[in-house]
**Q** 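I'd like to ask some things about the structure below.
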Amino acid sequence: MSQGKILITGAAHGLGLGMTRYFLRHDYQVLGLDIDKFALTELDEAQLPGLQLVHLDVADEQAIQTLSRLVERQFGHLTGIINNAAISLPYHESIRQLSLAHWQRVLAVNLTGPMLICKHLSGLLRPGSAIINIGSTRAHQSEPDSEAYAAAKGGLIALTHALAISLGPELRVNAISPGWIDVSELHPERQAMAPGPEDHRQHPVGRVGEAEDVAALARFLLSSQAGFITGQEYIIDGGMSKRMIYPDGPAAD
């Protein structure tokens, strides 16, 4: 028996792919969106039951309007939306080198995309359903040369708070902001970027995050058990945002 029909943007890459596989394992029907035709083809060839894929750009309003009509015809309604599609590039690029085109594209995908999805598809959600926006700890923690990404994710958190008011009480809107999530197992070409022992040890929980950590929280926030939760941001970073960093180890008593 299907647990519901959810839409996941950026479903063929990284965290989005991990969440797609997670929700399919838990008997959800998933409509996955992605702009990468090659990645979508690979995912389609896996023939995962309950998965339908659509190739589109989340920052293209006309494409989102067409998607809304498709969803209404084929699904009738949705029980949840996960806005995960994101682009971090240009990353580690000086503000003095950052082009306006790159700045605009990062904000378009990370911020305008979720707005357009909510604008055109929130009306297809049943009362009591939920929207989850995937943010980032970069919205709170400074890092050199990541202005476009940090600004976009910070705006997404603000959008989440506003949508919770404007779409409530019928719909709930929350955000999940991950820290380091290891997706190297999903993408063999990323094995070189897999965390090492020291990367795991620096977290209070003793490891970096996994896609299932985010997906499990998203599943809870989509459920009726989270019926009193809206307008919130949940940080999943293994406790790093609360950890005091000492250059030479903890101070002596």
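The figures here come from the full heavy-atom set of this structure, side chains too, leaving out hydrogens, waters and symmetry mates.
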**Q** If I take atom CG from residue L159 and atom CE from residue M115, how far apart are they, to the nearest 0.5 angstrom?
**A** 8.0 Å
**Q** When rounded to the nearest 0.5 angstrom, what distance separates CZ in R138 from OH in Y149?
**A** 8.5 Å
**Q** Please round to the nearest 0.5 Å and tell me the distance separating atom CD1 of I157 and atom CG of L111.
**A** 10.5 Å
**Q** Should L33 and I117 count as side-chain neighbours, where that means a heavy-atom distance under 4.5 Å?
**A** yes
**Q** For E45, check side-chain contact (heavy atoms from CB on, under 4.5 Å) against everything at least two apart and list the hits.
**A** T41
**Q** Which heavy atom in S177 sits nearest to a heavy atom in E233, and how many Å separate them?
**A** OG-OE2, 2.6 Å
**Q** Assess whether a salt bridge exists between R69 and E72, defined as any Lys/Arg side-chain N lying under 4.0 Å from an Asp/Glu carboxylate O.
**A** no
**Q** Under the side-chain hydrogen bond (donor to acceptor under 3.5 Å, both in side chains) rule, what pairs show up with a residue in residues 152-166, not counting sequence neighbours?
**A** N133-T160
**Q** Considering only residues two or more places apart or on different chains, which pairs with a residue in residues 47-60 satisfy side-chain hydrogen bond (donor to acceptor under 3.5 Å, both in side chains)?
**A** Q52-Q74, D57-R105
**Q** Return the CG to CG distance between L56 and L67, rounded to the nearest 0.5 Å.
**A** 5.5 Å
**Q** What's the shortest heavy-atom distance between L221 and A130, and which atoms?
**A** O-CB, 3.6 Å
**Q** Does the side chain of M19 come within less than 4.5 Å of I6's, by heavy atoms?
**A** no
**Q** Are R207 and D213 close enough, and set up right, to give a side chain to side chain contact (heavy atoms under 4.5 Å, CB included), and what steps lead you there?
**A** CA-CA 11 Å; R207 65 176 178 85; D213 296 319; 2.8 Å; yes
**Q** Testing the basics here: between T79 and L125, what is the closest heavy-atom pair and its distance to 0.1 Å?
**A** C-CD2, 3.9 Å
**Q** Any link between I229 and I235 through a network of hydrophobic side chains (Ile, Leu, Val, Met, Phe, Trp, Tyr) touching at under 4.5 Å?
**A** no
**Q** In this structure, would L70 and V58 fall into the same cluster of hydrophobic residues linked by side-chain contacts under 4.5 Å?
**A** yes
**Q** Do you know the tightest heavy-atom contact between A108 and A59?
**A** O-CB, 3.6 Å
**Q** Could you tell me which non-hydrogen atom of G80 sits nearest to which non-hydrogen atom of L222, and how far apart they are?
**A** CA-CD2, 3.9 Å
**Q** Assess the residue pair T112 and L107 against the criterion (side chain to side chain contact (heavy atoms under 4.5 Å, CB included)); give the C-alpha distance rounded to whole Å, side-chain angles, the decisive distance to 0.1 Å, and a yes or no.
**A** CA-CA 7 Å; T112 302; L107 266 66; 5.6 Å; no
**Q** Test of understanding: with ring pair (Phe, Tyr, Trp, His ring centres under 6.0 Å), list the residues that count as partners of Y22, not counting sequence neighbours.
**A** H26
**Q** Under 4.5 Å side-chain heavy-atom separation, chaining through any Ile, Leu, Val, Met, Phe, Trp or Tyr, what else clusters with V208? Say none if it is isolated.
**A** W180
**Q** Using side-chain heavy atoms (C-beta onward) and a distance below 4.5 Å, is Q3 in contact with R219?
**A** no
**Q** Other residues, nucleotides and ligands only: do more than 12 of their heavy atoms fall within 6.0 Å of CZ on R25?
**A** yes
**Q** Could you state the interatomic distance from CG (N83) to CD1 (I176), rounded to the nearest 0.5 Å?
**A** 11.5 Å
**Q** Taking everything shown except Q62 itself, do over 12 heavy atoms lie less than 6.0 Å from its CD?
**A** no
**Q** Considering non-hydrogen atoms only, spot the tightest contact between L78 and L7 and give its length.
**A** CD1-CB, 4.2 Å
**Q** Mind checking the CD1-CG spacing from I236 to L217? Nearest 0.5 Å is all I need.
**A** 4.5 Å
**Q** Any link between I35 and L116 through a network of hydrophobic side chains (Ile, Leu, Val, Met, Phe, Trp, Tyr) touching at under 4.5 Å?
**A** no
**Q** Show the numbers, then the answer: is there a side chain to side chain contact (heavy atoms under 4.5 Å, CB included) between T137 and M240?
**A** CA-CA 10 Å; T137 55; M240 285 299 289; over 6 Å; no
**Q** Just by modelled atom types, is the Q65 backbone N or O under 3.5 Å from a matching donor or acceptor in the S68 side chain?
**A** no
**Q** Does D34 form a side chain to side chain contact (heavy atoms under 4.5 Å, CB included) with L53? I'd like the steps, not just the answer.
**A** CA-CA 8 Å; D34 208 289; L53 300 170; over 6 Å; no
**Q** Taking the side chain as everything from C-beta on, heavy atoms only, tell me whether F75 gets closer than 4.5 Å to L124.
**A** no
**Q** Just jot down the salt bridge (charged side-chain N to carboxylate O under 4.0 Å, His left out) partners of D182, sequence neighbours excluded, or say none.
**A** none
